[in-house]
*Asks:* 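Let me begin by handing over the structure; questions about it come next.
Worth saying up front: this structure is predicted, and the values here are computed from it rather than measured. A note on names: the letters A, B, ... follow the listed sequences, proteins ahead of strands, and every chain is numbered from 1.
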Number of protein chains: 2
Amino acid sequence: MTINSQDRLPSVDQKVNNIPLTANSMRVACSQCNLRELCLAVGLDDNDLHKLDDLVVKRKLKRGQQLYRAGDAFEAIYAIRTGFFKTDILTEEGLEQVTGFQMAGEILGMDGISNDRHVCNATALEDSEVCIMPYDELEELSRSIKSLQQQFHKFMSREIVRDQSLMILLGSMRAEERIAAFLLNLSQRMRLRGYSASEFHLRMTREEIGSYLGLKLETVSRAFSKFHDEGLIGVQQKYIRILNADGLKALLNHAPN
Amino acid sequence: MTINSQDRLPSVDQKVNNIPLTANSMRVACSQCNLRELCLAVGLDDNDLHKLDDLVVKRKLKRGQQLYRAGDAFEAIYAIRTGFFKTDILTEEGLEQVTGFQMAGEILGMDGISNDRHVCNATALEDSEVCIMPYDELEELSRSIKSLQQQFHKFMSREIVRDQSLMILLGSMRAEERIAAFLLNLSQRMRLRGYSASEFHLRMTREEIGSYLGLKLETVSRAFSKFHDEGLIGVQQKYIRILNADGLKALLNHAPN
DNA sequence: CGAGTTCTTGAGCCTTTTCAACCCGGGTGG
DNA sequence: CCACCCGGGTTGAAAAGGCTCAAGAACTCG
């Protein structure tokens, strides 16, 4: 069960062959990517897609490998082709705090633009593959391709909005609400990518979930157990089944008290 | 005590007179603005500054007025010339959560880019003045002026980074740490603008502070009182003096336990 | 000057954390 | 091949931090 495959997408594939896909294994064609409707390439025509192709290079990462670290010089942003990442920040006291989990089609690294240095670490939580988009070139290209510019701005703005909903979660929800929201959000993003929305493997530990949600791992574990007992979800370690999505949603709408 | 005045800035003022500043009171010249070193105009040369001038229009707001509301069509972003704003979101349950406080030189409205609708409300907390920058035109102009494009991207990225540090605050600090961090952050931003970093008026209520920091207003009040008793700050309602900034900082670095 | 906010402070309660013990599963090495 | 080890997960009991509720004080604004 993979991403919405090409049948849904405009048939640009015939014209693609002027790009030698095989010659350099690191080369990748946005025009052929089945994620292009999720990614920066949305709305580009064939011609512009090829220009984007020219600056994108691919990189594979093993589970546990870091794509970039806090403090690294900022050189590129990254689109996830396959796999799963977390971003985190080491606080002054040395605790890590997870700031996000990212999956296919999402963009990593935009935090680095502000100071020419990355402010967080990005780590692959499973074997993954990213498209490297050198920032200088992307900036230049987006000056000449209006829809690329617009798309890029939308991605940055979406990141801002995403961060704000996390702020709301952290600022106003109680533990079980946070966890319900987290599961529903994951489920929704899986669906968007054509995977099952009702069962999936968590790629992160309870501790990482807790860090992301501002909770301790024990609290996460307890909430999972409680939801399990109530028949809302099935839990076997990292394997999760959503048994009653409406029940989870009800936890959210209900005022904390 | 106003913003760092023009002595620090390049003397572009002589050439500015081709723009009739007086003719239309709503017209405003970035080239003459003493905030231009903080704002989108950073790094533009005279020529480009004038192009930016052409698209910027000014608007005044009284205390309590809203600049835009959640759901409004997104048409422009706004640079604050003078005054003080909050942004907030109404959650489904009808509670408002404050997502930020903004002051002179900061940009409002970038959340709207992602969906062509604003996702939060922006409200003036004192009489204020903003520069309206119609987004379509700004986008177009930033395709032709590289340093404007770069500056704009940096502002968006800075917003992402800012949101992430708030996430860390909300996710890993205890009440007193949050409040110490909040005061130090305000103080720092006042200093950047040439105001006193050690005494200022809070423009927001305890409830708004609490909402922003994920705390109840009583908790905010208690922390203020405690800091006061410890000689860290002076508090008289909204008038705050920072008496021992290092003492406040020490609260942060100290691991929660 | 009075009404309505906003702020402060106290007491008790509730949620989440802390600390600790234990379990489970998968690898490793004897 | 089994014993052991170790990281990750679960569960319980006690402690703590922040919240709720409530009353009263201080300030603001018409």
*Asks:* Quick one: label A:Gly214 by what it contacts on the DNA or RNA (base, sugar-phosphate, nothing), any heavy atom closer than 4.0 Å.
*Replies:* sugar-phosphate
*Asks:* Regarding A:Lys238, tell me which of base, sugar-phosphate or nothing describes its non-hydrogen contacts under 4.0 Å with the strands shown.
*Replies:* sugar-phosphate
*Asks:* Going by modelled atom types, is there a donor-acceptor pair between the base of D:dC21 and the side chain of B:Glu218 at under 3.5 Å?
*Replies:* yes
*Asks:* To the nearest Å, give me how far apart CG (A:Leu170) and P (C:dT15) are.
*Replies:*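 These atoms are roughly 19 Å apart.
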*Asks:* Using whole Å, what does the distance between atom C1' of nucleotide D:dT10 and atom OH of A:Tyr239 come to?
*Replies:*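 In whole Å, D:dT10 C1' and A:Tyr239 OH are 20 Å from each other.
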*Asks:* What is the nucleic acid contact for A:Gln237, judged by heavy atoms within less than 4.0 Å: base, sugar-phosphate only, or nothing?
*Replies:* sugar-phosphate
*Asks:* Quick one: CG on A:Leu90 to CG on A:Asn121, what's the gap to the nearest 0.5 Å?
*Replies:*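 Here the interatomic distance stands at 7.0 Å.
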*Asks:* How would you label the contact of A:Leu217 with the nucleic acid (heavy atoms, under 4.0 Å): base, sugar-phosphate, or nothing?
*Replies:*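 Contact class for A:Leu217: base.
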*Asks:* Is B:Thr205 touching bases, backbone alone, or none of the nucleic acid, heavy atoms closer than 4.0 Å?
*Replies:* sugar-phosphate
*Asks:* Rounded to the nearest angstrom, tell me the gap between atom CZ in B:Phe224 and atom C1' in D:dA26.
*Replies:*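 Going from CZ in B:Phe224 over to C1' in D:dA26 covers 17 Å.
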*Asks:* Please state how far atom NE2 in A:His201 lies from atom P in D:dG8, giving the value in whole angstrom units.
*Replies:* 16 Å
*Asks:* When the distance from CD1 of A:Ile179 to C1' of C:dT15 is rounded to whole Å, what number comes out?
*Replies:*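 Atom CD1 in A:Ile179 sits about 13 Å away from atom C1' in C:dT15.
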*Asks:* Take A:Tyr78 and A:Tyr68, measure what ring pair (Phe, Tyr, Trp, His ring centres under 6.0 Å) needs, and give me the verdict at the end.
*Replies:* CA-CA 10 Å; A:Tyr78 307 89; A:Tyr68 54 81; 5.8 Å; yes
*Asks:* Are B:Ser225 and C:dT8 close enough that a side-chain N or O sits under 4.0 Å from OP1 or OP2?
*Replies:* no
*Asks:* So with a 6.0 Å cut-off around CD of A:Glu129, is the heavy-atom count from everything else above 12?
*Replies:*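 For A:Glu129, atom CD is crowded (more than 12 foreign heavy atoms under 6.0 Å).
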*Asks:* What is the separation between atom CG on A:Leu95 and atom P on C:dT17, rounded to the nearest whole Å?
*Replies:*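 Going from CG in A:Leu95 over to P in C:dT17 covers 14 Å.
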*Asks:* Honestly, is B:Arg193 close enough over B:Tyr195, meaning NZ or CZ under 6.0 Å from the six-membered ring centre and within 45° of the axis?
*Replies:* no
*Asks:* CD of B:Glu207 versus P of D:dC19: gap in Å, rounded?
*Replies:* 13 Å
*Asks:* Counting side-chain heavy atoms from CB outward, which of D:dG18, D:dT20, C:dT17 is closest to A:Leu215?
*Replies:*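 Looking only at side-chain atoms, A:Leu215 lies closest to C:dT17.
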*Asks:* How many whole angstroms separate atom CD of A:Glu208 from atom P of D:dG9?
*Replies:* 9 Å
*Asks:* Is it the case that the side chains of B:Thr87 and B:Thr99 hold a donor-acceptor pair, with the cut-off being a distance below 3.5 Å and no angle test?
*Replies:*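 There is such a pair between these side chains.
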*Asks:* At under 4.0 Å, does any side-chain N or O of A:Arg222 touch on OP1 or OP2 of D:dT10?
*Replies:* no
*Asks:* Nearest heavy atom decides the nucleotide; on that basis, is A:Arg206 or B:Thr219 closer to the 5' end of DNA chain D?
*Replies:* A:Arg206
